[in-house]
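Here is the structure we will look at.
Keep in mind that this is a model prediction, so the values were computed, not measured.
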Amino acid sequence: MIQTPFYLIDSASLKRNMAVIDRLREGSGAKALLALKCFATWPAFDYMRDHMDGTTSSSLYELRLGREKFGKETHAYSVAWPDHEIDEAVGYADKIIFNSVGQLQRFRDRTGGIARGLRLNPGLSTSGFDLADPARPFSRLGEWSAEKIEAVLPDISGVMIHYNCENADFDLFDRQLAEIEGRFGAILDRLDWVSLGGGIHFTGEGYPVDRLAARLKAFAAAHGVQVYLEPGEAAITRSATLEVTVLDLLDNGKQLAIVDSSVEAHMLDLLIYRQSAKVEPDAGDHSYMVCGKSCLAGDIFGEFRFAEPLKVGDRLSIADAAGYTMVKKNWFNGVKMPSIVIREPDGSLRVAREFGYGDYASSLG
Ligand SMILES: Cc1ncc(COP(=O)(O)O)c(C=O)c1O
């Protein structure tokens with residue numbers, strides 16, 4: 001028995017998502033780069049590498065991890081590069097994508113050996129949450145002005161446009177892409193490559209993958225560009241759980257179950273975006289609020305239904321725990337960090353990493 005808490009990555013579920021990525025790549029000619037900001041658990045890369053074209057990054061360390069642990073094509077993006085990182089970044093990257101004209105000009109002479117790009121902010125997005133909306137007022141994420149981008153076209157061969165956010169609506173994607181083509185078509189026509197970023201939920205149930213493939217193929221042909229996608233969540237959705245154990249039960253007007261994990265430390269995005277965790281099947285006569293063990297009053301996974309009353313020692317599985325979880329886990333309260341376990345194709349469980357007191361102490365001094 002593996003000691004909880006642990007993230008359990010299911011290789012068969014990864015394979016399911018990878019099959020969709022393969023279908024999209026084949027149907028569209030687009031390349032798919034894993035967005036490491038979402039998922040960078042490199043022991044699982046062996047199940048992804050043959051189905052994706054490489055990685056994209058948000059920092060020097062992600063970039064290096066992509067180059068060393070995934071290989072293949074490696075894109076380097078960062079909101080801002082410091083002077084002392086740029087030469088090392090160039091050493092790992094196939095393409096470097098600057099967030100601003102200022103950064104492009106500052107580092108133009110030191111990045112001449114690799115392809116250069118710029119982040120274009122189209123001024124629209126699918127995000128309804130301003131914290132995560134790249135098109136929020138005054139957004140620092142990319143250049144908004146076609147004139148400014150046109151002035152530096154001789155120095156770049158492509159642009160990155162990330163504006164989707166868990167967008168499961170193909171028609172919305174189609175309309176917004178047409179809007180971007182309408183406003184920035186003259187720029188797109190003069191480029192070799194365009195990355196449309198991440199945030200397209202094309203591995204979700206019922207998504208019209210073949211329509212997306214046809215749309216991307218038409219976009220590539222219309223502008224004469226190689227299209228890239230940067231899936232994070234779409235690559236790993238529904239491929240991991242967070243396995244926890246019930247430590248205590250309380251009745252404070254509601255039935256409460258406290259588990260050996262913490263939302264704040266192990267699934268932080270749920271708190272940031274004020275979402276509930278998922279427990280499947282979430283059915284039965286017994287309702288519990290499942291809570292974390294940190295000191296934060298609102299450290300709550302959510303309220304779920306169970307077929308039987310919970311007991312101390314019961315194992316619970318928190319669903320959909322791959323994206324933006326392991327990359328954000330932290331040592332708040334010194335809560336034991338979940339191990340990383342992979343369910344291999346033969347059904348066996350492999351412990352890829354355990355964390356202990358030494359990791360906690362060494363993260364602080
Ligand atoms: C530039 C860029 N590319 C790719 C992604 C991945 O997005 P997702 O995980 O929603 O697919 C993000 C997410 O913020 C991003 O900012």
Between [Y] and [X], is there a side-chain heavy-atom distance shorter than 4.5 Å?
X: Leu24; Y: Asp22; value: no
X: Val194; Y: Ile161; value: yes
X: Ile96; Y: Ile86; value: yes
X: Phe173; Y: Phe202; value: no
X: Pro134; Y: Arg119; value: yes
X: Lys293; Y: Asp299; value: no
X: Lys69; Y: Arg64; value: no
X: Val152; Y: Leu118; value: yes

Side-chain donor-acceptor pair present, [X], [Y], cut-off under 3.5 Å:
X: Glu181; Y: His223; result: yes
X: His201; Y: Asn167; result: no
X: Glu344; Y: Ser348; result: no

Answer yes or no: is there an ion pair linking [X] with [Y], defined by an N-O contact shorter than 4.0 Å?
X: Lys72; Y: Asp94; result: no
X: Arg108; Y: Asp155; result: yes
X: Asp192; Y: Lys95; result: no
X: Arg211; Y: Asp171; result: yes

Cluster link [X] to [Y], ILVMFWY, side chain under 4.5 Å:
X: Val263; Y: Tyr324; answer: no
X: Leu247; Y: Val279; answer: no
X: Val259; Y: Ile340; answer: yes
X: Tyr7; Y: Val341; answer: no
X: Phe170; Y: Phe219; answer: yes

* Would Ile9 and Met326 count as a side chain to side chain contact (heavy atoms under 4.5 Å, CB included) if you check the C-alpha gap in whole Å, the side-chain angles of each, and the deciding distance to 0.1 Å? -> CA-CA 11 Å; Ile9 301 168; Met326 288 166 254; 4.1 Å; yes

Looking only at atom types and distance, does a side-chain atom of [X] sit under 3.5 Å from a main-chain N or O of [Y], one as donor and one as acceptor?
X: Ser57; Y: His75; answer: yes
X: Tyr92; Y: Thr74; answer: no
X: Thr4; Y: Phe6; answer: no
X: Asp314; Y: Lys311; answer: yes
X: Asp260; Y: Thr245; answer: yes
X: Glu143; Y: Val101; answer: yes
X: Arg16; Y: Arg238; answer: yes
X: Thr325; Y: Ala322; answer: yes
X: Gln103; Y: Asn99; answer: no
X: Thr203; Y: Ala234; answer: yes

So how far is it from [X] [atom1] to [Y] [atom2], rounded to the nearest 0.5 Å?
X: Ser28; Y: Leu216; atom1: OG; atom2: CG; answer: 5.0 Å
X: Leu177; Y: Asn164; atom1: CG; atom2: CG; answer: 9.0 Å
X: Gln105; Y: Ser100; atom1: CD; atom2: OG; answer: 8.5 Å
X: Ile342; Y: Asp46; atom1: CD1; atom2: CG; answer: 8.0 Å

* What is the ring orientation for Phe98 with Phe107, classed by angle as parallel under 30°, tilted 30 to 60°, or perpendicular over 60°? -> parallel

* Asked: Should the ring pair Phe304 and Phe306 be called parallel, tilted or perpendicular, given that the plane angle runs from 0 to 90° and is split at 30 and 60?
  -> perpendicular

Hydrophobic cluster partners of [X] (side-chain heavy atoms under 4.5 Å):
X: Val335; answer: none
X: Val327; answer: none
X: Ile97; answer: Leu33, Tyr77, Val79, Leu141, Met160, Trp193, Tyr228
X: Leu250; answer: Leu256, Ile258, Met289, Ile300

* **Nearest atoms (heavy-atom pairs only) where Pro345 meets Ser11** =>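 Scanning both residues completely, I find the closest heavy atoms to be N-OG, 3.2 Å.
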
* Structure fact -> Looking only at heavy atoms, the pair that brings Cys291 and Phe301 closest together is C-CD1, 4.1 Å

* Could you please spell out the steps behind the side chain to side chain contact (heavy atoms under 4.5 Å, CB included) verdict for Leu191 and Leu153? => CA-CA 8 Å; Leu191 298 172; Leu153 278 179; 3.8 Å; yes

Residues in salt bridge (charged side-chain N to carboxylate O under 4.0 Å, His left out) with [X], at least two apart?
X: Lys328; result: Asp269
X: Lys31; result: Glu73
X: Lys278; result: Asp320

* Identify, with sequence neighbours excluded, every residue that meets side chain to side chain contact (heavy atoms under 4.5 Å, CB included) alongside Arg106. =>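 Asp83.
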
* **Partner residues of Tyr360 under the side chain to side chain contact (heavy atoms under 4.5 Å, CB included) criterion, sequence neighbours left out** => Trp331, Tyr357, Leu364

* Quick one: do His266 and Leu242 satisfy side chain to side chain contact (heavy atoms under 4.5 Å, CB included)? Show the steps, please. => CA-CA 9 Å; His266 307 154; Leu242 175 61; 4.2 Å; yes

* Asked: Does CD belonging to Glu354 count more than 12 external heavy atoms closer than 6.0 Å?
  -> no

* Of all residues at least two apart in sequence or in a different chain, which pass the side-chain hydrogen bond (donor to acceptor under 3.5 Å, both in side chains) check with Asp285? ->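 Expected list: none.
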
* To do: Can you tell me which residue pairs pass the salt bridge (charged side-chain N to carboxylate O under 4.0 Å, His left out) test with a partner in residues 5-15, sequence neighbours excluded?
  =>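 Every salt bridge (charged side-chain N to carboxylate O under 4.0 Å, His left out) pair that includes a residue of residues 5-15, provided the two are not neighbours, is Asp10-Arg343.
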
* **salt bridge (charged side-chain N to carboxylate O under 4.0 Å, His left out) contacts touching residues 243-258 (sequence neighbours left out)** =>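 Sorted result for residues 243-258: Glu243-Arg315, Lys254-Glu303.
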
* Asked: Under the side chain to side chain contact (heavy atoms under 4.5 Å, CB included) criterion, do Trp144 and Phe138 qualify, and how do the steps go?
  -> CA-CA 10 Å; Trp144 296 64; Phe138 317 112; over 6 Å; no

